[in-house]
Amino acid sequence: MTVPYRPPADVAEARRVQEELRARVELVGPGPSVPATVAGLDVAYAQSGDRLVAAVTVLDAVSLDVVDEAVHVGRPAFPYVPGLFAFREMPALLAALDRLTVRPELLVCDGHGVAHPRRFGLACHLGVVTGVPAIGVGKTPLVGSWTGPGLRRGDRSALRDGDEVVGQVLRTRDGVRPVFVSVGHRIGLDEAVERVLALTPRYRLPETTRTADRLCRQALVAHDKLG
DNA sequence: GCGACAG
DNA sequence: ATCTTGTCGC
């Protein structure tokens, strides 16, 4: 899963990279195949903001047991700029992915996919660069508007940006705030929603996101204690 | 011009 | 993302 990657030198170059790579996004999946393994990716930052830990956990899609995990300690590769967020975490996430033993069949990213100003959020970027199907699950919106989905788990409503439906605002648990699901790469929107629901039997956020979040936070603390 | 703005 | 106290609820 090793993939060459070069961070852009500035905002203008980053935008050009997105405009170029967006053409490679695939908005549909191979078919009605259910992935056997699903990966969660997340990053934790040190208080100083100059260091980060990227974590990837791989779960059995049925039992949701963690079957593999990996971390990578590094530095932000780009300043945080809304819309260019992926460039910040991409190198560290790719490095963590390289350390996996198990090849995940789907990536669940902490951030948006095509629900992005140029239709190329973190989930698209990771999907296109690795070639692995990917979906974006954001906790807050970046672009688009919607009308409140019902209050029950499974209720959803279209996330629209202009004329386009760029995602689904999905209620993963009764009464909780909805999450924003969008296609990253090589999967359809309906299937993406289906996958997210399968990953949220108990909490608002996918188990993949939760396990990856715990792993990178724990690794960050461990790294501080040492050196 | 002003406000919004994934993590 | 991270900082940060108490508070409401199961």
Side-chain angles (χ1 to χ4, degrees), chain A residues 7-8 11 14-15 17-18 21-22 25 39-57 71-94 96 107-129 134-146 151 153 159-162 164 166-170 172-185 189 192 196 202-206 208-221 223-224:
Chain A
V11 168
R15 293 204 177 107
V17 170
Q18 291 185 327
L21 293 180
R22 60 182 294 185
V25 172
L41 305 88
D42 195 20
V43 173
Y45 292 79
Q47 306 175 39
S48 49
D50 61 352
R51 188 158 36 79
L52 57 72
V53 175
V56 182
T57 54
V71 300
H72 174 80
V73 180
R75 291 182 170 288
F78 203 78
Y80 171 66
V81 179
L84 300 178
F85 166 63
F87 296 100
R88 189 171 174 71
E89 307 187 337
M90 186 78 55
L93 288 172
L94 290 175
L107 306 179
V108 176
C109 308
D110 202 351
H112 301 287
V114 298
H116 174 279
R118 287 170 293 283
R119 307 290 178 263
F120 199 73
L122 174 65
C124 299
H125 212 141
L126 278 170
V128 165
V129 168
I135 67 183
V137 180
K139 296 181 285 294
T140 60
L142 174 59
V143 296
S145 59
W146 69 97
L151 299 177
R153 163 178 163 81
L159 176 63
R160 292 193 169 77
D161 189 20
E164 307 173 65
V166 297
Q168 288 284 331
V169 182
L170 175 69
T172 54
R173 305 296 307 166
D174 291 357
V176 304
R177 281 185 300 144
V179 297
F180 300 78
V181 180
S182 59
V183 171
H185 187 54
L189 183 54
V196 172
R202 183 160 184 189
Y203 300 101
R204 173 186 178 237
L205 298 180
T208 39
T209 300
R210 292 167 47 77
T211 52
D213 179 78
R214 280 177 302 196
L215 178 57
C216 59
R217 293 200 194 202
Q218 154 250 278
L220 187 60
V221 173
H223 189 271
D224 279 335

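Values reported hereafter were calculated over all heavy atoms of this structure, with side chains retained and with hydrogens, waters and symmetry mates removed.
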Arg210(A) to Tyr203(A) six-membered ring, cation-pi geometry met (6.0 Å, 45°): yes
Between atom CZ in Phe85(A) and atom P in dA6(B), what is the gap in whole Å? 10 Å
Pairs flagged by side chain to side chain donor-acceptor pair (under 3.5 Å) wherever residues 80-94 of chain A is involved - sequence neighbours left out: Tyr45(A)-Arg88(A), Tyr45(A)-Glu89(A)
By nearest atom, which of the nucleotides [options] is closest to the [X] side chain?
X	options	answer
Arg217(A)	dT2(C), dG7(B), dA6(B)	dT2(C)
Pro82(A)	dC3(C), dG7(B), dA6(B)	dA6(B)
Tyr45(A)	dC5(B), dG7(B), dT2(C)	dT2(C)

Touch class at under 4.0 angstrom, heavy-atom based, for [X] against every strand present:
X	value
Gly136(A)	nothing
Leu84(A)	base
Pro117(A)	nothing

Mind telling me whether His125(A) and Phe87(A) have parallel, tilted or perpendicular rings, with 30° and 60° as the class edges? perpendicular
Aro-ring/base stack Phe180(A)-dA6(B), d under 5.5 Å, angle under 30°: no
So the stems of DNA chain C, runs of at least three Watson-Crick or G-U pairs (under 3.5 Å), are none
Under a 3.5 Å cutoff on both atom distances, Watson-Crick or G-U, what's the dot-bracket for DNA chain B ([ ] crossing, | other strand)? .......
